[in-house]
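Comments concern the structure below.
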Amino acid sequence: MHTQPIHATKQPQSTVSDDELQIVIADFLEMGHVDNIIALFKQEPRCHTWSGTLLTNQRFAVRLGLAVLYEHLVVECPQDVHLAIPSLAEALNNEKEWVRGEAVNLLGIIGSDQAIALVRSMTDDPSFQVVEIVTDIIDTINTTPHG
């Protein structure tokens, strides 16, 4: 298990495992503390690599929080959002259709050529809901004027 130091003000340095940090991220997203998680992702871009795993969380508020998070991150630190793509690509193979749908949604929010290519690859998903999300994203891309 990989650990990273977490620096606390006026306290001795301690380490928190990646698994523990992912739990904290999920809990903060569920509570609506997206600003705190935006700051964390800006400070620790490796957090992007956990996006696909975080999408498997049973709590809808966590998954919704991830969408809100990425809506902010694509504006505030677009240079790092591509780091989420490999874990989201992996989530596209999840047996649960809601995980695949959430992954497609985040890829649509990221919106890079690589992300959209992955979205387009899901047009034949066995789930009608996933295909509907794919169709909505593609329709939005096709109707959005390019500046």
Side-chain angles (χ1 to χ4, degrees), residues 1-122 125 127 129-141 144 146-147:
M1 185 178 336
H2 183 260
T3 59
Q4 282 290 319
I6 299 294
H7 303 283
T9 308
K10 297 182 181 181
Q11 294 182 7
Q13 182 176 334
S14 62
T15 56
V16 175
S17 74
D18 287 356
D19 291 340
E20 291 169 323
L21 193 51
Q22 289 176 50
I23 291 168
V24 170
I25 290 169
D27 289 347
F28 270 57
L29 289 173
E30 181 183 36
M31 292 185 289
H33 299 307
V34 176
D35 289 342
N36 299 83
I37 304 306
I38 291 169
L40 175 62
F41 273 58
K42 285 180 175 179
Q43 182 179 340
E44 294 285 346
R46 69 189 174 91
C47 293
H48 289 280
T49 64
W50 304 328
S51 297
T53 301
L54 289 165
L55 280 182
T56 64
N57 193 292
Q58 293 287 330
R59 297 173 287 177
F60 176 73
V62 174
R63 301 188 312 269
L64 179 62
L66 279 166
V68 173
L69 172 68
Y70 274 90
E71 286 172 352
H72 286 277
L73 292 174
V74 296
V75 173
E76 296 181 31
C77 58
Q79 71 281 1
D80 293 331
V81 295
H82 73 280
L83 297 170
I85 293 175
S87 71
L88 295 173
E90 190 174 316
L92 295 176
N93 297 315
N94 193 290
E95 64 184 22
K96 296 179 178 118
E97 65 185 45
W98 56 267
V99 173
R100 297 192 309 273
E102 298 285 4
V104 165
N105 184 53
L106 283 188
L107 289 164
I109 291 168
I110 291 171
S112 67
D113 290 344
Q114 181 185 14
I116 297 304
L118 287 167
V119 169
R120 290 183 190 278
S121 75
M122 297 299 287
D125 191 88
S127 166
Q129 289 86 2
V130 173
V131 173
E132 188 172 29
I133 296 166
V134 169
T135 302
D136 287 348
I137 292 168
I138 293 171
D139 287 349
T140 299
I141 291 167
T144 303
H146 301 286

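Note that the coordinates shown come from a computational prediction; the quantities given were computed from them, not determined experimentally. Computation of the quantities below employed the complete heavy-atom set of this structure, encompassing side-chain atoms and omitting hydrogens, waters and symmetry-equivalent molecules.
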What heavy-atom pair brings [X] and [Y] nearest, and what distance separates the two atoms?
X	Y	result
Ile109	Ala67	CD1-O, 3.7 Å
Ser112	Ile85	OG-CD1, 3.6 Å
Thr49	Ser87	O-CB, 3.2 Å
Ala26	Asn57	CB-ND2, 3.7 Å
Val119	Val104	CG2-O, 3.8 Å
Leu107	Leu118	CD1-CB, 3.9 Å

Mind checking whether [X] and [Y] have side chains closer than 4.5 Å, heavy atoms only?
X	Y	result
Phe41	Tyr70	yes
Leu92	Leu88	no
Trp50	Leu21	yes
Leu29	Leu66	yes

Between Ser127 and Gln129: side-chain donor-acceptor atoms closer than 3.5 Å: yes
Side-chain donor-acceptor pairs under 3.5 Å in residues 130-141, sequence neighbours left out?
from   : atom 1 : to     : atom 2 : distance (Å)
Thr135 : OG1    : Val131 : O      : 2.8
Thr140 : OG1    : Asp136 : O      : 2.8

Within this structure, what is the [atom1]-[atom2] distance for the pair [X] and [Y], rounded to the nearest 0.5 Å?
X	Y	atom1	atom2	value
Cys47	Gln22	SG	CD	8.5 Å
Arg63	Gln58	CZ	CD	7.0 Å
Ile25	Asn36	CD1	CG	11.5 Å
Ile23	Leu54	CD1	CG	10.5 Å
Leu40	Arg46	CG	CZ	8.0 Å
Lys96	Leu55	NZ	CG	12.0 Å

Around Glu90, counting heavy atoms of other residues, nucleotides and ligands shown, do more than 12 lie under 6.0 Å from its CD? no
So, Arg59 and Asp27, do they make that salt bridge, N to O below 4.0 Å? yes
Looking only at atom types and distance, does a side-chain atom of Arg100 sit under 3.5 Å from a main-chain N or O of Glu95, one as donor and one as acceptor?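 Yes, Arg100 side chain to Glu95 backbone: donor-acceptor pair under 3.5 Å.
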